[in-house]
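Reviewing the structure listed below.
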Amino acid sequence: MRPSSLPDYQAPPLSEVVLGVQFQEIQGYQQIHAGKVWDLFKQHFPIVQEQPSLDKQFELFGMQHQPPSGPVVRAFSVAPHPRYWFCSASGEYLIQFQQDRLLFNWRRHHDDTLEYPRYEQLRDRFSGYLTALNDFFSANFGECLRINQCEASYYNTIPALGDTADWVSIFREQSGIGTEFSFSNRHITLGTDGEPLGRLYVECAGGIARFNEKVLVLNITFRGMPKTESIEDALKLLDVARAEIVGKFDSATTSHAHKKWGKV
Amino acid sequence: MTSSLNKVPLIGGQTAPQPATYQRQWNDRILRGTRCDALPLVETYPWQPIVRQRLDEVVGLQRGWDGYTGIGVSYTNAVFAEQLISAVCHSCNVQPQIVPGSRGDLYVEWHSLNGDVELHVVGPYKVYGTYEHMITGELVDNESFSSDFSKVSHWLKEISEEYSHDRAAA
């Protein structure tokens, strides 16, 4: 259920939302078992694509700078496992699976008439997929999912008619800037005990979309470690992530924009 | 509306349009499928290649490498350790030593004339740290860490900087 304190929009400019977890690799799982994993989702995700795998990522705190985000250990002794995309027939939904990740995407996928299905629905579906994968690992390898990181990402593509500063408050003091600009920052979210819960990344840049249209791309991502390795705590942290992202989106955009998007 | 923008799979796997300036080289290479081999690795310290090579070695250890039933360091633990080292070493010029454990775990150790810092990486976000400063006599044994390593950064700064006895006495 949506918290009443969260800002809400009738038509948010979202182009993609991703909910995901990273987990400890399952002992005994090998790439040859990926087909069995697809069987869990095949009914609603009949299309398969292979993508390069994502590197492991850990959010660490207490330092003055972040670790480099490039590839780290080149483990020649570890066979690479591709990242599988299991796509819905329409392309609107996507499950991404590799040996230590499960992600669920909603994508507007070139269809501007698609309505954002809302976080609650995506969360429920992702919870079901996590449970299915957990049951599969448990039944076949005797191990449950041990989740060590969660992340949520919201990607907004804002058709920026007029001045950029009319849409994104970050640029309010810099009216008249062209398409060649970008902005990024990050900050730590603390829990009630004062300990870090996760880190919020905000990126905004200008661009040109289809039909030579000027757009603003506003991406907000939250990543953090769940309190325990359980699915339940992972979902709780995703709820925190969603609240952080929506709050940041609201503060980073202008009242003019809110009106256009039907802020409730 | 978004088809002409770059579509890149960043961490998290998003396929949405990205700012053109954001890690473009990295992303372009991902798209070309040359992710690990062709990328210039981010080098922050002169000893970083040595640490990476060592991590490669300990990940590749065969079962029984210790003469008993020891297994190689888990890839997950090695990646976590590498990210941890890169993050905490901003205030340290001492090269870390990598020592494999026998159960897929590993130890990261810094030793200097001022003192020693040892981290036992049992798993991601599961680390035990020991610190001893030879001059001040400060000793911390087996302290537990998960994601916040600010104290470790401080320890490393302490063991790597020039130390005056006046300061120690103060």
Side-chain angles (χ1 to χ4, degrees), chain A residues 15-16 18 20 24-25 51-52 54-78 80 83 94 96 100-101 103 105 107-108 110 112 148 151 153 155 157 159 182 184 195-196 203-205 207-211 213 215 217 219 221 223 225, chain B residues 1-6 9-23 26 30-31 33-37 39-44 52 55-56 59-61 72 74-76 78-88 90-91 123-125 146-154:
Chain A
S15 52
E16 186 161 358
V18 191
Q24 287 276 59
E25 288 168 35
Q51 302 285 341
L54 297 169
D55 280 311
K56 294 177 191 300
Q57 183 82 16
F58 301 101
E59 287 298 323
L60 303 175
F61 303 99
M63 286 71 67
Q64 292 169 358
H65 70 187
Q66 266 295 89
S69 56
V72 281
V73 183
R74 287 166 294 172
F76 304 117
S77 51
V78 176
R83 176 172 40 134
L94 163 69
Q96 304 188 62
D100 60 352
R101 299 257 187 152
L103 303 117
N105 298 46
R107 303 181 293 176
R108 206 175 284 281
H110 313 316
D112 297 337
N148 57 38
E151 68 179 70
S153 297
Y155 301 95
T157 304
S182 66
S184 67
E195 293 295 312
E203 293 159 359
C204 185
I208 302 295
R210 207 163 38 154
F211 309 129
E213 184 185 13
V215 295
V217 180
N219 300 338
T221 292
R223 283 200 294 266
M225 179 187 75
Chain B
M1 182 173 296
T2 62
S3 62
S4 64
L5 289 170
N6 294 335
L10 293 174
I11 300 301
Q14 65 269 31
T15 56
Q18 295 296 306
T21 53
Y22 182 73
Q23 288 193 330
W26 164 233
I30 286 178
L31 286 175
T34 56
R35 187 173 55 86
C36 280
D37 299 331
L39 261 180
L41 296 171
V42 181
E43 304 288 356
T44 310
R52 286 203 173 103
L55 285 168
D56 278 343
V59 167
L61 289 171
S74 89
Y75 179 60
T76 303
V79 173
F80 182 84
E82 203 281 339
Q83 292 188 15
L84 171 55
I85 292 166
S86 297
V88 298
H90 61 85
S91 54
Y125 302 115
S146 59
S147 62
D148 187 346
F149 291 90
S150 50
K151 189 177 275 188
V152 175
S153 292
H154 174 71

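Note that these values count all heavy atoms, side chains included, but never hydrogens, waters or copies made by symmetry. Quick note on labels: first sequence line is chain A, next is B, and so on, each numbered from 1.
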Pairs of heavy atoms under 4.5 Å with chain A: top-ranked of B:Gly123, B:Ser146, B:Pro124: B:Pro124
Separation between CG of B:Asp148 and CD of A:Glu195, rounded to the nearest 0.5 Å: 6.0 Å
Side chains of A:Glu59 and B:Tyr125 in contact at under 4.5 Å (non-hydrogen atoms): yes
B:Leu84 side chain reached by A:Leu60 side chain, heavy atoms, under 4.5 Å: yes
Contact summary for B:Gln83 and A:Lys56, nearest pair of heavy atoms: NE2-O, 2.9 Å
